[in-house]
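So the structure is just underneath, and the comments pick up after that.
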Amino acid sequence: MTDVEERGLFIDGKFVPSESGATFPVFNPHTDEVFSKVAQAGEADAEAAIDAARAAFDGPWGALTPKDRGKFLLKLARIIQEEGESLARLEAKNTGHPIHDVRRFDLVRTVDWFEYFAGMATKIQGDVIPSSFKGVLNYTLREPLGVVGQIVPWNFPLMFVAWNVAPALAAGNTVVLKPAEYTPLSALEVARMAQKAGIPAGTINVIPGKGSVVGALLARHPGVDKICFTGSVEVGKQIIQASASNLKKPLLELGGKGPNVIFEDADLDAAVQGSLFAAYHNQGQACIAGSRLLVHESIWDAFVKRFTERVRSIRIGDPLEETTQLGPLTSKDHQKKVLGYVDVAKGEGAQILFGGRVPGTPETARGYYVQPTLVRADNPKMRVCQEEVFGPFITITPFIDDQAAVDMANGVPYGLGAGFWTRDLRRAHRIAAQLKAGMVWVNSYKLVDPASPFGGSKMSGMGREFGFETMREYTQVKSVWIGYDFQPWKWPE
Ligand code: NAD
């Protein structure tokens with residue numbers, strides 16, 4: 001695919017303009033140029049998408065066997081793979097995420113998730129309950145919920161389509177997905193591919209538009225049976241309130257401030273390498289980024305020296321260049337926000353060990369770039385240690401013993417991902433149990449797998465994605481009682 005000029009909304013199997021005719025621009029974060037215009041959905045368009053999703057649920061998609069649902073998801077996975085290179089380039093261009101990483105992570109995971117949940121479609125099953133009554137068979141059915149509204153952010157827009165849509169469809173639901181304003185293109189591309197795969201019209205609808213308009217409508221609409229939201233804590237709270245209208249049970253994937261603890265017995269080479277990825281992959285725009293390095297004081301000098309050498313060597317530039325390791329941030333607003341945290345750090349008395357500016361090279365002059373930034377912050381109560389920056393900006397703090405490390409690791413409102421590095425097996429299990437987080441990585445960071453539960457504790461969210469766990473989110477249980485040889489209870493004489 002070449003550059004997209006104008007794209008419509010994807011409703012009921014067709015690309016259509018918005019009812020109002022409104023469009024919004026999509027920027028290339030490397031050049032600050034508009035390279036696409038996308039129809040902007042309003043409430044009428046969202047209503048049309050919900051109606052289409054309902055008709056598909058009551059109609060062709062709902063009528064399919066699990067096996068046939070799985071086949072469609074597998075077919076979509078194949079098409080995404082076949083057209084993967086152009087999709088990856090589009091994603092890199094729209095998000096600023098380096099092409100090399102989009103290929104090896106976002107694209108691979110998008111295909112993997114559709115494949116995994118294609119298989120899941122035929123594994124969703126109920127139970128036979130050991131009944132207390134003679135002559136009665138009691139069994140459960142796991143049924144789809146209906147129309148699922150899905151609202152996603154801009155940091156991994158392609159991957160989030162797969163993470164949301166694949167399990168919802170595998171369970172037999174239909175979907176209305178609202179991409180983030182900055183990054184609607186890859187979701188529209190996947191919708192086109194779904195159409196090519198023959199997935200019935202209305203099963204997947206994609207409505208780019210404002211969160212406060214169409215996102216809010218999806219959250220409160222009585223015709224939407226489930227709302228899945230990935231984004232900030234602030235909006236997550238609004239989603240809970242709006243979803244009370246018809247008691248949708250929200251699935252919320254919210255922010256994080258992941259601790260990454262380097263114990264004194266860590267394999268330093270592995271810890272440096274893994275921490276670099278944890279901190280700066282996708283310019284640090286990741287909810288599960290390891291954005292708080294906590295380092296044992298006895299290895300402080302050695303670790304900081306090696307880590308800063310690696311940070312200094314990071315190649316910053318055009319995300320479409322094969323050798324680029326760090327691209328621009330996805331939006332100008334976000335660049336401003338991240339640079340603002342450099343001032344916050346200085347104001348709090350933290351020390352900028354590396355970065356903290358725009359790169360200042362001719363190649364990056366027009367884009368939304370920020371240097372990889374490392375901030376020494378000895379007081380874990382500082383705002384830079386507590387608030388999610390969501391950029392190539394991490395703090396580093398020394399600690400004296402295991403208890404201090406655990407207290408610091410847990411001492412934030414978030415509880416999404418957490419990780420640490422040690423060679424001591426006993427410590428590994430002990431600390432893993434003590435960390436308050438939905439995912440804990442030992443001698444690794446940011447591992448995700450479609451089979452492994454993903455989600456947050458504390459303010460990082462509610463519910464779990466992936467694996468069998470997520471099927472609880474996307475289905476409801478019905479208990480069926482068959483009295484095949486049961487004497488109905490007598491009415492008291
Ligand atoms: P955001 O909350 O501003 O926006 C997320 C989505 O919600 C966008 O599509 C937006 O248009 C929509 N939205 C905005 N206001 C809305 C409203 N009132 N009602 C309904 N929808 C609305 O978040 P963001 O800045 O796009 O994304 C960054 C945040 O997402 C970070 O906090 C990050 O940690 C979090 N995130 C979490 C996960 C996870 O899996 N836990 C993954 C990625 C990102």
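All ligand and atom numbering here is 1-based and tracks the order in the structure.
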[X] neighbourhood, listing ligand 1 atoms whose heavy-atom distance to it stays under 4.0 Å:
X	answer
Ile239	20 (C)
Ala216	19 (N), 20 (C)
Gly255	32 (O), 34 (O)
Ile151	6 (C), 7 (O), 9 (O), 12 (C), 20 (C), 21 (N)
Glu388	31 (C), 32 (O), 33 (C), 34 (O)
Cys287	34 (O), 36 (N), 37 (C), 38 (C), 39 (C), 40 (O), 41 (N), 42 (C), 43 (C), 44 (C)
Glu181	10 (C), 11 (O)
Gly215	19 (N), 20 (C), 21 (N)

Ligand 1 contact on [X] by region, counting heavy-atom pairs under 4.0 Å:
X	answer
Leu416	side chain
Glu253	both
Val235	side chain
Glu234	neither
Ile288	neither
Phe156	neither
Val152	backbone

Counting only heavy atoms on the protein side, is anything nearer than 4.0 Å to atom 4 (O) of ligand 1?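 So far as the 4.0 Å threshold goes, atom 4 (O) of ligand 1 is out of reach of every protein heavy atom.
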
Best match, Ala286, Ser460, Ser232: closest heavy atom to atom 23 (O) of ligand 1: Ser232

Can the positive tip of Arg7 be found less than 6.0 Å from the middle of the six-membered ring of Phe15, inside 45° of the ring normal? yes

Considering residues, nucleotides and ligands other than Lys249, do more than 12 of their heavy atoms fall under 6.0 Å from its NZ? no

When only distance counts, is [X] in polar contact with ligand 1, meaning an N/O pair under 3.5 Å?
X	value
Lys178	yes
Trp154	yes
Leu254	yes
Glu465	no
Gln238	yes

Chi angles and distances behind the side-chain hydrogen bond (donor to acceptor under 3.5 Å, both in side chains) call for Tyr368, Asp32: CA-CA 8 Å; Tyr368 317 142; Asp32 190 33; 2.7 Å; yes

Walk me through whether Glu253 and Phe454 qualify under side chain to side chain contact (heavy atoms under 4.5 Å, CB included). CA-CA 9 Å; Glu253 293 290 1; Phe454 181 101; 3.9 Å; yes

For the OG1 atom of Thr95 and the CG atom of Asp106, what is their distance to the nearest 0.5 Å? 7.0 Å

